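To start, the structure itself, in structure tokens.
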2 protein chains.
Amino acid sequence: MTEQPVINTQSDPRLLAVHDSMLDGLGQLADYFGFSKVTGQVFGALLLSPRPLCLDDMVELLDISKANASMTMRALGNLGMVREVWVRGASGRRKYYEAESNFWRIITNVLKSREMRDVERALHVMDDNAKKLNHAMDELSEEERHLATLYLERISHMQGLFQFAQLMIEAILEQVHDSPDEMPAIPNWD
Amino acid sequence: MTEQPVINTQSDPRLLAVHDSMLDGLGQLADYFGFSKVTGQVFGALLLSPRPLCLDDMVELLDISKANASMTMRALGNLGMVREVWVRGASGRRKYYEAESNFWRIITNVLKSREMRDVERALHVMDDNAKKLNHAMDELSEEERHLATLYLERISHMQGLFQFAQLMIEAILEQVHDSPDEMPAIPNWD
DNA sequence: CAGAACGTTCGGAAAGTTCTGAACGTATAT
DNA sequence: ATATACGTTCAGAACTTTCCGAACGTTCTG
């Protein structure tokens, strides 16, 4: 079967330049957010493609191995950043993907699955340690009791920070949740 | 000169456990945020220390090389997460550090110097590319014009996302700025 | 049923990051 | 002045992450 053109070395160099610039930017961004660079590039390729892409498309487009493409797609899938789509006429079991176009859903997924969990874990650790300190307090020497008190102070200080972070994340999630299809409103904190 | 005790193998094992657990948690957190693990550990050590620490203290406390300690301190200094303090009686040019205890200032620094800049750079790239596309539009073939139009659509869609991120960061900064010494209020987005 | 078409997994290669020990420079103390 | 104490820099060691090619298993096609 014949395939629609995506973009290739025959395309207008200006289009190509924009295409590559976007993929590069998304690559750096992904890197910055703790994903691999190709993760961002693949997402970009899907985003700028007029049709769904299969693994071999990405191999050709980004000059990566099929193994890499496969692993990356799974990662993106788990993040809810791409979806598998069915393409009519596409033979057999070839999988085609497109970028999840609802960015707000992506934000929700990522914030929920990553940032939220980490903040919660941190809070749990601090809570745990504070409990342990309070428990041990009576049995400590004078000097150690001073140290323990200092720890409690600093830990509780830090807990404030993380509770704040938690509130921020929750607020953003709520905000995004309320306007799932368009640009959320400007926040007003008062 | 004699030094105040910080914490060591002679200390109560429960104190030691809490100390190490906190450092471990901060290490992971730092890692997650794109800093090295020791960056977080060093900050933790300062945070839980009853007195300012010098490089050699950290070498002993964290079992790292002095070179590593030196580099890490500079990094933390640039982030505004530690400050150099003068210690009376401390010989000559030995440098002592303590953790910046105003976490809200730290947030401000990090958000401003990192997240903000990246979001702005991303927006700039997209803006740039959109301009290029509009410029080239007339001279493209029919088919390429379709592609360019698709690009413009998707890019503008993505710009919405980043503008949102920018607004969030600004809102958080403002929020923190208004309450520099305590827990900021719970946000209300309506 | 044989062969091609695909996606996935795995061991190890390549690239990138973090850490160290040694050399160095400069300030302090004797 | 000389020696010591201290922080910094640098080349490469150690470790981590990312990536690839090859082998494999499964589904389709003829």
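Atoms considered below: every heavy atom in the structure, side chains included; atoms not considered: hydrogens, waters and symmetry mates. Letters A, B, ... are given to chains in the order of the sequence lines, protein chains preceding strands, and every chain is numbered from 1. Predicted model only: the values in this text are computed from it and were never measured.
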Return the value, rounded to whole Å, for the distance between atom [atom1] of [X] and atom [atom2] of [N].
| X | N | atom1 | atom2 | result |
| --- | --- | --- | --- | --- |
| A:M58 | C:dC6 | CE | P | 14 Å |
| B:L62 | C:dT18 | CG | P | 17 Å |
| B:R94 | D:dT8 | CZ | P | 12 Å |
| A:L53 | C:dC6 | CG | P | 15 Å |
| B:K95 | D:dA5 | NZ | C1' | 14 Å |
| A:L55 | C:dG7 | CG | P | 5 Å |
| B:M73 | D:dC6 | CE | C1' | 15 Å |

Counting only heavy atoms not in B:E143 (residues, nucleotides, ligands), do more than 12 fall under 6.0 Å from its CD?
no
Look at atom CG of B:D63 and say whether more than 12 heavy atoms of other residues, nucleotides or ligands are closer to it than 6.0 Å.
no
Could you check if a side-chain atom of A:V125 sits within less than 4.5 angstrom of a side-chain atom of B:D24, using non-hydrogen atoms only?
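With C-beta onward as the side chain, the pair stays apart.
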Say you draw a straight line from CG of B:N129 to NZ of B:K131; how long is it, rounded to the nearest 0.5 Å?
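Reported to 0.5 Å precision, the distance equals 10.5 Å.
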Expected string for nucleotides 24-30 of chain C under the B/S/- scheme (protein heavy atoms, under 4.0 Å, primed atoms plus P, OP1, OP2 as sugar-phosphate) is -BBBS--
How would you summarise protein contacts on nucleotides 9-23 of chain D per nucleotide, using B for base, S for sugar-phosphate only and - for none, with heavy-atom distances below 4.0 Å?
B---------SBB--
Any donor-acceptor pair under 3.5 Å from A:S21 side chain to A:A17 backbone
no
Does a side-chain N-to-carboxylate-O contact under 4.0 Å join B:R94 and B:D56?
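Salt bridge flag = yes for B:D56 with B:R94.
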salt_bridge(B:E98, B:R51) N-O dist < 4.0 Å:
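No, no charged N to carboxylate O under 4.0 Å.
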Over 60° means perpendicular and under 30° means parallel, so classify the ring planes of B:W104 and A:F164, tilted if in between.
perpendicular
